[in-house]
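Below: one structure, written as structure tokens.
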Amino acid sequence: QVQLVESGGGLVQAGGSLRLSCAASGTIFSKKYMAWYRQAPGKQRELVAGISSGGDTNYADSVKGRLTISRDNAKNTVYLQMNTLKPEDTAVYYCNTQELRGSILYNVWGQGTQVTVSS
């Protein structure tokens with residue numbers, strides 16, 4: 001089964017940067033669409049960015065131009081470079097992919113990593 005492990009969260013001042021990493025195992029990583037989601041207190045989990053197996057990317061409007069998703073297939077790792085951070089970026093960030101088990105497609109989540117941006 002697929003396992004995802006995030007790292008790289010922390011506390012940063014507004015305007016600062018962080019890089020999140022997500023290491024995947026138990027899957028053919030290079031063929032997977034990978035995504036980052038976030039969930040702030042009292043809010044629904046939302047898609048931040050995604051990257052296809054071919055490297056095509058998509059972003060939430062709120063993060064375009066500030067956050068960049070990338071992948072290293074040799075390391076089975078997806079990254080989220082976060083620049084010009086704002087207090088509203090404060091959330092738990094989750095790595096995500098999907099896995100087909102039999103005929104059912106499951107969402108697979110990492111444990112999450114906390115990002116806190118102080119004003």
Side-chain angles (χ1 to χ4, degrees):
Q1 291 186 352
V2 182
Q3 290 189 321
L4 304 173
V5 179
E6 302 102 333
S7 60
L11 173 64
V12 64
Q13 288 189 330
S17 297
L18 284 174
R19 188 176 82 154
L20 307 184
S21 300
C22 171
S25 61
T27 185
I28 304 175
F29 177 81
S30 61
K31 296 187 177 182
K32 289 289 190 182
Y33 175 86
M34 302 297 298
W36 286 97
Y37 283 73
R38 69 185 180 188
Q39 188 166 19
K43 295 188 176 182
Q44 288 189 331
R45 193 170 296 189
E46 62 175 356
L47 176 66
V48 175
I51 185 166
S52 72
S53 58
D56 294 328
T57 58
N58 59 284
Y59 296 94
D61 287 342
S62 59
V63 306
K64 283 180 181 177
R66 300 188 300 115
L67 275 58
T68 303
I69 189 171
S70 62
R71 66 192 299 157
D72 185 337
N73 290 336
K75 295 182 178 180
N76 285 2
T77 300
V78 61
Y79 303 99
L80 187 67
Q81 178 65 44
M82 310 170 70
N83 298 329
T84 320
L85 283 163
K86 303 176 180 180
E88 50 263 43
D89 294 316
T90 296
V92 178
Y93 284 72
Y94 297 92
C95 185
N96 167 267
T97 191
Q98 293 184 325
E99 183 182 38
L100 188 64
R101 301 172 188 168
S103 59
I104 301 174
L105 194 62
Y106 287 88
N107 268 312
V108 180
W109 301 96
Q111 82 283 2
T113 186
Q114 177 71 47
V115 171
T116 303
V117 185
S118 64
S119 57

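What you are looking at is a predicted structure, and each value in this text was computed from that prediction instead of being measured.
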_Trace of the side chain to side chain contact (heavy atoms under 4.5 Å, CB included) decision for Glu99 with Thr27_ = CA-CA 9 Å; Glu99 183 182 38; Thr27 185; 5.8 Å; no

*Test item: Trp109 and Arg45 side chains (from C-beta on) under 4.5 Å apart, heavy atoms*: yes

*asked:* Return the CD1 to CG distance between Ile28 and Asn73, rounded to the nearest 0.5 Å.
replied: 11.5 Å

*Before accepting this row, confirm whether a basic side-chain N of the pair Asp89/Lys86 lies closer than 4.0 Å to the acidic partner's carboxylate O.*
no

_Residue pair Val78 / Thr97, side-chain heavy-atom distance below 4.5 Å_ = no

*Are any of the side-chain heavy atoms of Leu11 and Gln114 separated by less than 4.5 Å?*
no

*Honestly curious: do Val12 and Leu20 fall in one hydrophobic cluster under the side-chain, below-4.5 Å linking rule?*
yes

_If I compare all heavy atoms of Arg71 with all of Ile51, which pair ends up nearest, and what's the gap?_
NH1-O, 3.4 Å

_Crowding at CD, Gln98 (>12 non-hydrogen neighbours, <6.0 Å)_ = yes

_Sub-4.5 Å side-chain heavy-atom contact between Tyr33 and Ser53_ = no

*Test Gln1 against Val108 for side chain to side chain contact (heavy atoms under 4.5 Å, CB included), laying out the working first.*
CA-CA 9 Å; Gln1 291 186 352; Val108 180; over 6 Å; no

*For residues Tyr59 and Leu67, report the shortest heavy-atom separation together with the two atoms involved.*
CE2-O, 3.1 Å

*asked:* Show the nearest heavy-atom pair for residues Leu47 and Ala60, with the distance to one decimal.
replied: O-CB, 3.5 Å

*Output the distance between atom CD (Gln81) and atom CD1 (Ile69), rounded to the nearest 0.5 Å.*
12.0 Å

*Any donor-acceptor pair under 3.5 Å linking the side chain of Glu6 with the backbone of Gln111?*
yes

*Where do Arg38 and Tyr93 come nearest, in terms of heavy atoms and distance?*
NH1-OH, 3.0 Å

*Taking all non-hydrogen atoms of both residues into account, name the closest pair between Ala24 and Phe29 and its distance.*
CB-CD1, 3.6 Å

_If I compare all heavy atoms of Leu80 with all of Ala49, which pair ends up nearest, and what's the gap?_
CD1-CB, 4.3 Å

*Under a single-linkage definition using a 4.5 Å side-chain heavy-atom cutoff for Ile, Leu, Val, Met, Phe, Trp and Tyr, are Trp36 and Leu18 assigned to the same hydrophobic cluster?*
yes

*Roughly how far apart are Gln13 CD and Ser119 OG, rounded to 0.5 Å?*
9.5 Å

*Taking C-beta and beyond as the side chain, do Val115 and Met82 meet within less than 4.5 Å on heavy atoms?*
yes

*To the nearest 0.5 Å, how far apart are CG in Asn107 and OH in Tyr37?*
6.5 Å

